[in-house]
Amino acid sequence: MLVVEDSPLYSAEFFAAGDPYTYLNDLRENHPVSVHRRADGYEFYALTRYADVYAAYVDHVGLSSSYGTMIDGSYRPEKDSASGRMLIVADEPAHAQIKKPVKHSGFNREMIGRIGETVRRNIRTALGALSVGDRLDFTTVVAPELPKGVLEVLFGIGPQDALGLLEATRTMIGYRDQAYVGESPLDSLVDAQLNVLDFMDDLISARIRSGSSDDMIGFLAQLVAAGEMSRDVALLNGLNVAVGGNETTPHTASLCVATIDDERAQWRRVVDGQVASGVATQEFLRWTSTNSYVQRLSVRDVEIGGQTIPANSFVTLWNMAANRDPRVFDRPDEFIIDRPDNKQIAFGAGVHRCIGAPVATLEIQMFLEELAAWDKAFRVLAPPQRLHSNFMLGLTELQVEVIKAGEDG
Ligand code: HEM
């Protein structure tokens, strides 16, 4: 089995300025299960084939989430500090007990409908405020409108509070990127975490006082008041939903705009109604693979891809590599806007499959529909600035100019 010393997969710089897709394609085709070491002794197995990534996702018994789903999220033997209490780092049966009320209150049909209306309205307003000739950074002016609408509905807050929450979770996740935190990453991370937790705690108190359960945080607050959920669990999972929602779809939307600029002829088929927005959405999700990987820890020996991964090993599941596996996708390294039967795995699989997948899909689909219906278009002015992160594939800057629709080549 290939063992890579000082692997580039640890390097945020490699993901911002290098070519991680080519590197991962090579791993997938020649070393589908490989080991990646770092000088300080940290080591993980990397799975890059679709079938192996899928098999790992569904083996939630052999592969635990409680040790952190990001490289460096935690070190053995200590579990993640939120372990067992926060969805993303909880194993069964605690995980299922938390997922049920969060799903029931935040991701039911009625809530998803309300989120859709709010997000569409926000996007339409943001696009409507732009004039031909305007130059702007799409990542700061338009992209935040997607999660803003989700936060407004799930947390029952106004647009200004939603933007404040967005800024804080951005600092938490993108904290190694200077675009978000300047020179002092650790202080910024700690401050941002405290701000978000304080904000959520105040919301829970307010909902307990008012007795309202109209939104997700209100529903969780009433469980706290009834002694059916601890305040910690309500807080941590509010945080999990906020981070999950904020740090993904804005990046996906920015990458959509950059991709559209590269693929004008294909995009025109959506604008002209020849390709359904829902079909295009699936290809944008595959192509952008915003959450590049997740990590697990093997709690026993596990067989994957014909290899035995010993107990107590970190294992990383590379969504971005699985989403370009030629065994599953025809011409995987090409963007094909009407790709049929798209089995993209951007949201993971198994019990931890993204709780926000229907919401994220709706956000991106609505964004594409509003963009297609707009009487204007974006032209990218400069090479997009990629986020310094091996975990989230996104953009920190995308300078665009607003042009008349139809003049975009
Ligand atoms: C394009 C957008 C998104 C992508 C690519 C994405 C990706 C993922 C992936 C791969 C997982 C599985 C993690 C694992 O197995 O360890 C996940 C889990 C999760 N996501 Fe998303 N996500 C997106 C949007 C959202 C949104 C909009 C929300 C909330 C509004 C959200 C909230 C969550 C939460 C709470 C979890 C944990 C679920 C669990 O552990 O059961 N995500 N996401």
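Numbering of residues begins at 1 and proceeds along the displayed sequence. Each ligand, and each atom within it, is numbered from 1 in the order the structure gives. For clarity, every value in this text was computed on a predicted model and none was experimentally measured.
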Any idea which of H251, H95, M216 brings a heavy atom closest to atom 41 (O) of ligand 1?
H95

Where is the nearest protein heavy atom to atom 30 (C) of ligand 1: which residue, which atom, and how far?
G245 CA, 3.8 Å

Residue, atom and distance of the protein heavy atom nearest atom 34 (C) of ligand 1 read I355 CG2, 3.6 Å

By the definition side chain to side chain donor-acceptor pair (under 3.5 Å), identify the one residue from Q344, Q365, R339 that meets it with Q282.
Q344

Using atom types as modelled and distance alone, determine if a side-chain donor or acceptor of S389 lies under 3.5 Å from a backbone N or O of A12.
no

Counting N and O atoms only, with roles assigned by atom type, does the side chain of S11 sit under 3.5 Å from a partner on the main chain of F14, one being a donor and the other an acceptor?
yes

With heavy atoms only and a cut-off of under 4.0 Å, state how I88 meets ligand 1: side chain, backbone, both or neither.
both

Using a 3.5 Å cut-off on N or O atoms only, is K99 in polar contact with ligand 1?
yes

Answer yes or no on whether R324 is positioned over the face of W318, meaning its NZ or CZ is under 6.0 Å from the six-membered ring centre and within 45° of the axis.
no

Does N390 reach the main-chain N or O of L9 with its side chain, forming a donor-acceptor pair under 3.5 Å?
yes

Option from E263, E283, R286 for which side-chain contact (heavy atoms from CB on, under 4.5 Å) with I336 holds:
E283

Best match, R353, M86, R296, H352: closest heavy atom to atom 39 (C) of ligand 1:
H352

Closest heavy-atom approach to atom 18 (C) of ligand 1 among C354, P250, A357 is made by C354

So if I count the atoms of ligand 1 from 1 in the order they appear, which ones are less than 4.0 Å from some heavy atom of T69?
16 (O)

Out of all atoms in ligand 1, which are within 4.0 Å of some heavy atom of A346? Include the element for each.
5 (C), 7 (C), 10 (C)

Nearest-option assignment for atom 29 (C) of ligand 1, heavy atoms, candidates L285, N319, V241:
V241

Backbone N/O of V4 and side chain of S7: donor-acceptor pair under 3.5 Å:
no

Atom 25 (C) of ligand 1: the protein heavy-atom neighbour that sits closest, reported with distance to 0.1 Å:
G244 O, 3.2 Å

Closest non-hydrogen protein atom to atom 24 (C) of ligand 1, residue and atom name please, with distance?
T248 OG1, 3.2 Å

Quick one: does V351 get within less than 4.0 Å of ligand 1, heavy atoms only?
yes

Among all protein non-hydrogen atoms, which one is nearest to atom 11 (C) of ligand 1, and what is the separation to 0.1 Å?
F347 O, 3.9 Å

Atom indices of ligand 1, in the order listed, that fall short of 4.0 Å to a heavy atom of E363
27 (C)

Validation row, ring centre Y45 to ring centre H36 under 6.0 Å:
no

